[in-house]
K.L.:
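What follows is a single structure, and I will ask about it in a moment.
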Amino acid sequence: MSEPKVLLTGLGIPESPRWHEGRLWFCNWIDREVVAVDLDGKSEVASVRGPVPMGYSIDWLPDGRLLMTGDKLRRQEPDGSTVTVAEQGGNEIVVDGRGNIYINGADFDFAGGGAPKPGYIKLVTPDGELRQVADDIQFPNGMVITPDGRTLIVSESFAGRLTAFDIDADGGLSNRRIFADGVAPDGICLDAEGAVWVSTGGSSIARVAEGGHILERIELPEERAPFALMLGGPDRRTLFVLTAEWRQSDGVTDNLQRLTTGSRTGQILTFSVPVPGAGRP
């Protein structure tokens with residue numbers, strides 16, 4: 001494993017990384033920005049900005065239009081205008097090759113310290129139908145879809161596991177099963193051998209196979225939490241790790257308050273890895 005390189009610093013909470021058209025796109029929470037950065041570290045703020053300070057994610061439809069979650073599901077049109085796709089708030093998003101949009105969320109005030117409630121995955125079909133396709137997700141986070149378009153894997157952060165579903169012909173989800181247990185998943189990415197890069201608690205990340213076997217592990221600097229991971233670059237062999245300072249001795253509310261009002265500690269680190277990325281996003 002290569003030594004990490006710092007690609008970008010001075011960020012709020014970098015989240016929802018996507019490799020798209022030769023650059024890494026991500027959501028810079030707190031500063032309400034969608035940012036694109038190339039491998040030389042040259043970045044620019046995209047024309048779409050997050051409607052809320054935290055809790056939004058991006059992906060693209062097959063026709064190239066950008067989607068964003070948050071208080072609603074929105075889409076950016078070719079002329080730069082933004083339209084509402086669904087009056088559905090959500091956290092993470094992933095779009096399959098047919099244009100099915102999967103969004104997840106949990107209806108409680110996480111940032112404010114509210115009591116947890118089970119979450120869900122909902123589907124918006126290409127014709128605009130919105131329906132729930134999975135429930136009882138213990139704080140849903142990152143999602144990936146396998147290259148064949150037949151399996152969706154979701155992070156259940158509060159349960160410490162990755163959960164897989166079959167994707168049915170109508171876009172529904174079935175055959176729920178555990179992909180890997182004993183991790184601490186947030187934003188995840190999939191590689192060409194079917195393994196998932198995932199956070200494992202504290203300041204570490206790992207490459208985990210189906211069944212839970214840890215294939216590789218990377219320790220980040222102390223109190224540097226990995227919020228999301230993405231495999232990109234020209235050959236998809238660059239692992240992007242989106243991090244910010246997170247003090248284990250502090251609670252969620254205190255950490256978020258410090259990150260919101262204090263110095264911008266968010267960074268994007270890169271590693272070279274041998275197995276390329278695969279699937280969506």
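The figures here come from the full heavy-atom set of this structure, side chains too, leaving out hydrogens, waters and symmetry mates.
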K.L.:
Roughly how far, to the nearest 0.5 Å, is the CG atom of L190 from the CE atom of M230?
P.N.:
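Interatomic distance, M230 CE to L190 CG, rounded to 0.5 Å: 10.0 Å.
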
K.L.:
Going by heavy atoms in the side chains, are S43 and L8 under 4.5 Å from each other?
P.N.:
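The answer is yes, as the side chains (C-beta and beyond) meet within the 4.5 Å cut-off.
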
K.L.:
Dump the intermediate steps for side chain to side chain contact (heavy atoms under 4.5 Å, CB included) on V252 and W246, then the final yes or no.
P.N.:
CA-CA 9 Å; V252 170; W246 192 269; 4.2 Å; yes

K.L.:
Can you name the one residue among T243, I13, N141 that meets side-chain contact (heavy atoms from CB on, under 4.5 Å) with F227?
P.N.:
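Among T243, I13, N141, the one meeting side-chain contact (heavy atoms from CB on, under 4.5 Å) with F227 is I13.
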
K.L.:
Please name the residue in the list L130, N100, L67 that meets the side-chain contact (heavy atoms from CB on, under 4.5 Å) test with V124.
P.N.:
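Going through the options one by one, the only one that passes is L130.
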
K.L.:
Within this structure, what is the CG-CG distance for the pair L24 and L7, rounded to the nearest 0.5 Å?
P.N.:
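Reported to 0.5 Å precision, the distance equals 7.5 Å.
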
K.L.:
Decide, yes or no, whether a salt bridge links E245 with R247 under the criterion of side-chain N to carboxylate O below 4.0 Å.
P.N.:
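A salt bridge links E245 with R247.
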
K.L.:
About how many Å separate CD1 of I101 and CD1 of I93, when rounded to the nearest 0.5 Å?
P.N.:
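These two atoms lie 5.5 Å from each other.
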
K.L.:
Has R236 got a side-chain atom pairing as donor or acceptor with L231's backbone, closer than 3.5 angstrom?
P.N.:
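Yes; at least one donor-acceptor contact below 3.5 Å.
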
K.L.:
What distance separates E77 CD from T82 OG1, expressed to the nearest 0.5 Å?
P.N.:
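So the CD of E77 and the OG1 of T82 are separated by 8.0 Å.
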
K.L.:
Among F240, W25, F26, find the residue that satisfies the ring pair (Phe, Tyr, Trp, His ring centres under 6.0 Å) test when tested with W19.
P.N.:
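For W19, the ring pair (Phe, Tyr, Trp, His ring centres under 6.0 Å) test succeeds with only one of F240, W25, F26, which is F240.
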
K.L.:
If you count heavy atoms of other groups shown closer than 6.0 angstrom to CD of E222, is the number above 12?
P.N.:
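Count not over threshold, so no.
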
K.L.:
Between T238 and G233 (side chain of the first, backbone of the second, donor and acceptor by atom type, cut-off under 3.5 Å), is there such a pair?
P.N.:
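Not at all, since once roles are kept as given, no pair shorter than 3.5 Å links the two residues.
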
K.L.:
Heavy atoms only: give me the nearest L259-A244 pair and the separation to one decimal.
P.N.:
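So the minimum-distance heavy-atom pair works out to CD2-CB, 4.3 Å.
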
K.L.:
Hey, could you give me the CD/OG1 distance between Q267 and T9, rounded to the nearest 0.5 Å?
P.N.:
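One finds 6.5 Å between CD of Q267 and OG1 of T9.
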
K.L.:
Is the shortest side-chain N to carboxylate O distance from E92 to R18 below 4.0 Å?
P.N.:
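Salt bridge flag = yes for R18 with E92.
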
K.L.:
Report yes or no: does S157 contribute a side-chain atom to a donor-acceptor pair with the main-chain N or O of P185 at less than 3.5 Å?
P.N.:
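Indeed, once roles are kept as given, a pair shorter than 3.5 Å links the two residues.
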
K.L.:
Atom CZ of residue position R150 - does it have more than 12 heavy atoms of other residues, nucleotides or ligands inside 6.0 Å?
P.N.:
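For R150, atom CZ is not crowded (no more than 12 foreign heavy atoms under 6.0 Å).
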
K.L.:
Just one of T69, I58, V35 clears the side-chain contact (heavy atoms from CB on, under 4.5 Å) bar with C27, so which one?
P.N.:
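Going through the options one by one, the only one that passes is I58.
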
K.L.:
For T146, which of T151, L152, I167 qualifies under side-chain contact (heavy atoms from CB on, under 4.5 Å)?
P.N.:
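Filter result, single survivor: T151.
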
K.L.:
Got L239 and C189 here, is their nearest side-chain heavy-atom distance under 4.5 Å?
P.N.:
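Yes, side chains in contact.
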
K.L.:
Indicate yes or no: does R75 engage D63 in a salt bridge with an N to O separation below 4.0 Å.
P.N.:
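Salt bridge absent between R75 and D63.
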
K.L.:
Taking only Lys NZ, Arg NE, NH1 and NH2, and the carboxylate oxygens of Asp or Glu, determine whether E33 and R264 approach each other closer than 4.0 Å.
P.N.:
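R264 and E33: not salt-bridged.
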
K.L.:
Check step by step if side chain to side chain contact (heavy atoms under 4.5 Å, CB included) holds for F165 and V154.
P.N.:
CA-CA 8 Å; F165 296 87; V154 61; 4.0 Å; yes

K.L.:
Look at the side chain of D191 and the backbone N and O of G194, then say whether any donor-acceptor pair between them is shorter than 3.5 Å.
P.N.:
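Pair found, side chain donor or acceptor close to backbone of G194.
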
K.L.:
Calculate, to the nearest 0.5 Å, the distance between atoms CG and CG belonging to N28 and L242 respectively.
P.N.:
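The CG atom of L242 is 9.5 Å from CG of N28, to the nearest 0.5 Å.
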
K.L.:
Evaluate side chain to side chain contact (heavy atoms under 4.5 Å, CB included) for Q138 paired with R161, printing each intermediate quantity in order.
P.N.:
CA-CA 9 Å; Q138 302 305 309; R161 64 176 172 246; 4.3 Å; yes

K.L.:
Is V273 close to E216 at the side-chain level, that is, under 4.5 Å between some pair of heavy atoms?
P.N.:
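Not in contact.
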
K.L.:
Given 3.5 Å as the limit, does a donor-acceptor pair link the side chain of R177 with the main chain of N175, or not?
P.N.:
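Flag set: sc R177 to bb N175 pair under 3.5 Å.
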
K.L.:
Tell me whether Y102 contacts the main-chain N or O of D96 through its side chain, where contact means a donor paired with an acceptor under 3.5 Å.
P.N.:
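Not a single qualifying donor-acceptor pair exists.
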
K.L.:
If you compare all heavy atoms of V275 against all heavy atoms of R237, which two are closest, and at what distance to 0.1 Å?
P.N.:
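Answer, listing the atom of V275 first, then R237: C-CG, 4.4 Å.
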
K.L.:
Indicate whether any N or O donor in one side chain lies under 3.5 Å from an N or O acceptor in the other, for S199 and D186.
P.N.:
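Checked: S199/D186 side chains show no N/O donor-acceptor pair below 3.5 Å.
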
